[in-house]
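Remarks on the structure that follows.
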Amino acid sequence: MMKSPKKYLKLLLSAPLRLPKFRVADSVAGISLCKRLIHLFTQQYQKLNRHRLIKVLFLATLVICLLFGQVVSAQTPNVSALVEQGIKDYNAGDFFKAIKNWQEALNQDKNNPSVTAVVNENLARAYQQIGENKAAIASLSAAINDYNTVENIQQVGRMKSELAQVYSNLGQPRKAIALLCGQLVDKSKISENQPSQQIKCTPESAEQIATKYNDKRGEVAALGILGEAYRLIGSYDEAIKYLDTAQQVTPESKFLVFNSLGNAYKSRGELRELQADSANKAGISSKEQEFNKKSQEDYDKAHQYFQDSIKFAHNEKQALAEMRGLLNLIQLDSQINKSKLINDQEFHKTLKDALKVLEGLPDSATKVYGAIDLAYLQRDAKGTSPFTYCPTQLILSGDNEALNLLESSVLTSKNLQDNRLISYSNGALGHFWECSSDNQKALKYTQTAIIAADSKLSAKDSLYLWEWQAGRILDKQKRKEEAIASYQRAFDTLEDIRQDILTAERDVQFDFRDVVRPLYRTLAQSRLDLLGVGAIGDEGRAKELSKVVNTIDALKLAELQNYFGNDCILSGLNPKQVGELLEDNSVAFKNTGFLSSIILNGKTGILLQLPNQTTKFKWISDFNQEGTNKIVSSDSLQKKIAEFRTGLVKKEEINYDTTIASQLYDWIIRPFAEDIKPEKVKTLVFIQDGFLRTVPMAALYDSQQQKYLVETYAVATTPSLRLTTPKLRDRSTQKALILGLTKEATIDGKTFEQLFAVPDEISAVESIFPNHTPLIDDNFLPESFQEKLDKTTYPIVHIASHAQFGIIPEDTFIVTGKNQKLTISQLENSLRNLNSKSDSVELLTLTACETAVGDDRATLGLAGVALQVGVKSAIASLWSVNDQSTSELVKTFYTNYRNAGMSIAEALQQAQIRMIHAKKLPPSEGINITYDHPAYWAPMIAIGNWL
């Protein structure tokens, strides 16, 4: 068996990392192998970061590509011919024939692990080539077992690294980390003052196996994938540590390690920019300056590492790596608006170098993606995907430079006969013509992209892009129904892979804003607009509205999942659609109405759903004195909502002016007055969109009845009905965990004032729940909270402390004793670690909350922190309120809550009505008469299960 020459090992592969194999069949050695390897492994680049293909691939995660694995020969004579033929088929690009031959070889010699190990290894690579990742995982797992059986432990380690790479590509980096190291650094247990230490991997992990056998390439591979996996979960410090270690193991292929380090620092810089923005909105200027400074330092380091990668790759004549580094360097400057790391002269020199290197590249995926990257290159790009809007200032705009690059990418992909590349290049060219208003050419190339992407689903992760693009073009051609069909196909495809797109990284808000949100809104608006065009029967209208509801619900779930960045399915998510839930739970939903809002371009719609009734829909409109109506623009509504919230938060008048509250009532509630008469509907559940989440609907005012909405209806909110399990439970013997902070605290440079009313609040809650455990002040610490939940089941968790919900999860926390904080990650982990569903918390109450002013993402965090980890219900505040009034409200709520005949929403409703009538109550009630102002009672909302 001929060993692979060193020059083959030095090929740069724009592909997921492949471990070295030194057993190559003589029949495929030599020049033909070299040529094919260049094609095969550049072709593999398509697999890289499949979840973020929309970002132009060179901006995406670049896994450390140090070495490669090639298909290998078996030694057993009776299967040798099949294996050899499979190798020939594989190297010729006929992966299906290769799989057929290898499967037959496997069937002929099932009981020889030395043979099946090799065959399974080959099968895994072939399955990855055709996008069958589940089959690849099964084959790699089988190969690991086989190599264990024959005690080839070094190869076990390599297979674990390959398997880890597949999991990482599928958006499951935690599984990758388990294979590579066996342990995961718990980010939630790391404080800023005590950074984590790099943990020791377990003996059976890929990293430790490589170390034990002095397998340098295997060790660098494991460390590289490990670093990248930590980058994917947002643990950038850990990612940088492992990548730093990788570059110290061996000097070989340092340019690839440098490139990955550049991406890690770039990602951390982006996160710190978000943190600076969050600090700015929270009014903490010192933290804003600190994060901006750290962000700039990270961009500087990313810039230097990309430069080093380019230099080393150039010296070693690795043109593909040089190209990748040049593009990363260019994109760093063009997309990170604040950095300006390269002056104009240097920028254009780098661009010129990139064009020169691109011209000399062999036909490959790198050449295709590189040409598209350069064609769509622009200064101060406004988004992460060039295909979601029309760039206005392309850098290569003269003499048809951009068009020539895009046309060359189409030709290159055609030469390679790679469907994924054909799809991507044609889609990119179609977008160029879309932006040039040549709809005929745009549709032609876009449809070619769709056909290529849909061929054996080889590019499902870009199919939704081109379907969406086709929908926009068809819309321009006034082919409305065809456009909707295209949008729907894009939506269906995206729903299939949304889990991976939204959870691969903590900072994927970028992709979400650019792709998921606008696509879902476009589909919803197109269907709603269709209802107003031409004649449509009641049955057709009901079907369209049902589809709109499903689209909106999917958007709400996507937003929630995106905010928290989890790579697990939302706890308790019901697989049924909203309409099915309303039918199945008609008894539980009796006397309940559901109002869903959807903010679209220029207008906002409200959908009313009642059990076993047809969905009603209306655009928010302003009725004049003559009875005619005018649709209220979304901008006007947002300004009115902001004015409404400001009036509540600032409490400018002792006697509250209900003018704006009345206007909003007339816009949102009154159009459905006949459908939600109080004798039929007792509870209104709001499923809000965007800025409508930032205000309490309970404070809307019915000027005709001279009542607040909450005086007529119990009010609750939920991010999605599919996350809500309405069920009334026995509350007579519930045990409560009571946590409270009375002292002043300083967190991240921000001072949280002393909560003087908390002792009284805690005392009242303790009296209502005799079976309780208190953790107050210095006893209320993250570790003590975790310890109590580990030992005992607490259906009720009451937290009387400041809670801040920032625009990113890192700025979302509860203030605890000793100037510490319980982060959202720690809270998630604590609640997730409960042993069974029966142990899940029934009600989580957070008082004295504080959100970023008017930020709907922060409010999303407020609504989702409990539900997404399985807590049935939550009571929390939309903004920080006087702690004495909150204490008064909470005491009454819990007293009502203990009454088994009163739902959670009703218990809160009655507590709020008591405060509204404060001036009418006898002095013996001991309630401050100023508490009738909605600023004191309205921000407290019920989330989730309202029963």
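Contact check on Lys639 versus Glu643 returns no salt bridge, with no Lys/Arg side-chain nitrogen under 4.0 Å from an Asp/Glu carboxylate oxygen. For Glu925 and Arg914, the salt-bridge test passes: some basic side-chain N is under 4.0 Å from an acidic carboxylate O. Looking at Arg722 and Asp553, a side-chain N of the basic residue comes within less than 4.0 Å of a carboxylate O on the acidic one, giving a salt bridge. Residues Lys818 and Asp778 are not paired through a salt bridge, judged by the lack of any N-O separation under 4.0 Å between the basic side chain and the carboxylate. A salt bridge is defined here as a Lys NZ or Arg NE, NH1 or NH2 lying under 4.0 Å from an Asp or Glu carboxylate O, and Asp932 with Lys920 fails to meet this definition. Taking a cutoff of 4.0 Å between a charged side-chain nitrogen and a carboxylate oxygen, Glu290 and Arg272 do not qualify as a salt bridge.
In this structure, Phe686 has its ring center at least 6.0 angstrom away from the ring center of Phe594. In this structure, the ring of Tyr894 has its center less than 6.0 angstrom from the ring center of His798.
The closest side-chain donor-acceptor pair between Gln734 and His772, if any, does not fall under 3.5 angstrom. Using a 3.5 Å distance cut-off with no hydrogens or angles, the side chains of Asn819 and Thr746 do not pair a donor with an acceptor. Counting only N and O atoms by type, the side chains of Gln706 and Asp702 include no donor and acceptor under 3.5 Å apart.
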- Task: With ring-ring contact (aromatic ring centres under 6.0 Å, His included) as the test, would you mind laying out the steps for Tyr701 and Tyr665 before giving the verdict?
- Result: CA-CA 6 Å; Tyr701 192 76; Tyr665 184 98; 8.3 Å; no

- Task: Decide yes or no on salt bridge (charged side-chain N to carboxylate O under 4.0 Å, His left out) for Asp760 and Lys891, but give the supporting numbers first.
- Result: CA-CA 10 Å; Asp760 182 48; Lys891 285 187 289 185; 3.0 Å; yes

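Rounded to the nearest 0.5 Å, atoms OG1 (Thr751) and CD (Glu744) are 5.5 Å apart.
The closest side-chain heavy-atom distance from Ile913 to Tyr708 is not below 4.5 Å. Looking only at side-chain heavy atoms (C-beta outward), Glu906 and Gln909 come within less than 4.5 Å of each other. Using a 4.5 Å heavy-atom threshold, the side chains of Leu739 and Leu775 count as touching. The shortest side-chain heavy-atom distance between Lys590 and Pro611 does not fall under the 4.5 Å cut-off. Taking 4.5 Å as the limit, some side-chain heavy atom of Leu610 sits within range of a side-chain heavy atom of Val681. Taking the side chain as every heavy atom from C-beta outward, Gln912 and Glu711 never approach each other to under 4.5 Å.
Other residues, nucleotides and ligands contribute over 12 non-hydrogen atoms within 6.0 Å of the NZ atom of Lys735. Within 6.0 Å of CD on Glu753 lie no more than 12 heavy atoms contributed by other residues, nucleotides or ligands.
For residues 938-947, no pair satisfies salt bridge (Lys or Arg N to Asp or Glu O under 4.0 Å), with sequence neighbours left out.
With hydrogens and angles ignored, the 3.5 Å screen pairs a side-chain donor or acceptor of Thr816 with a backbone N or O of Gln820. Under the 3.5 Å distance criterion, the side-chain polar atoms of Thr823 are matched with a main-chain donor or acceptor of Gln826.
Between Tyr931 and Trp937, the shortest heavy-atom contact is O-CD1, 3.3 Å.
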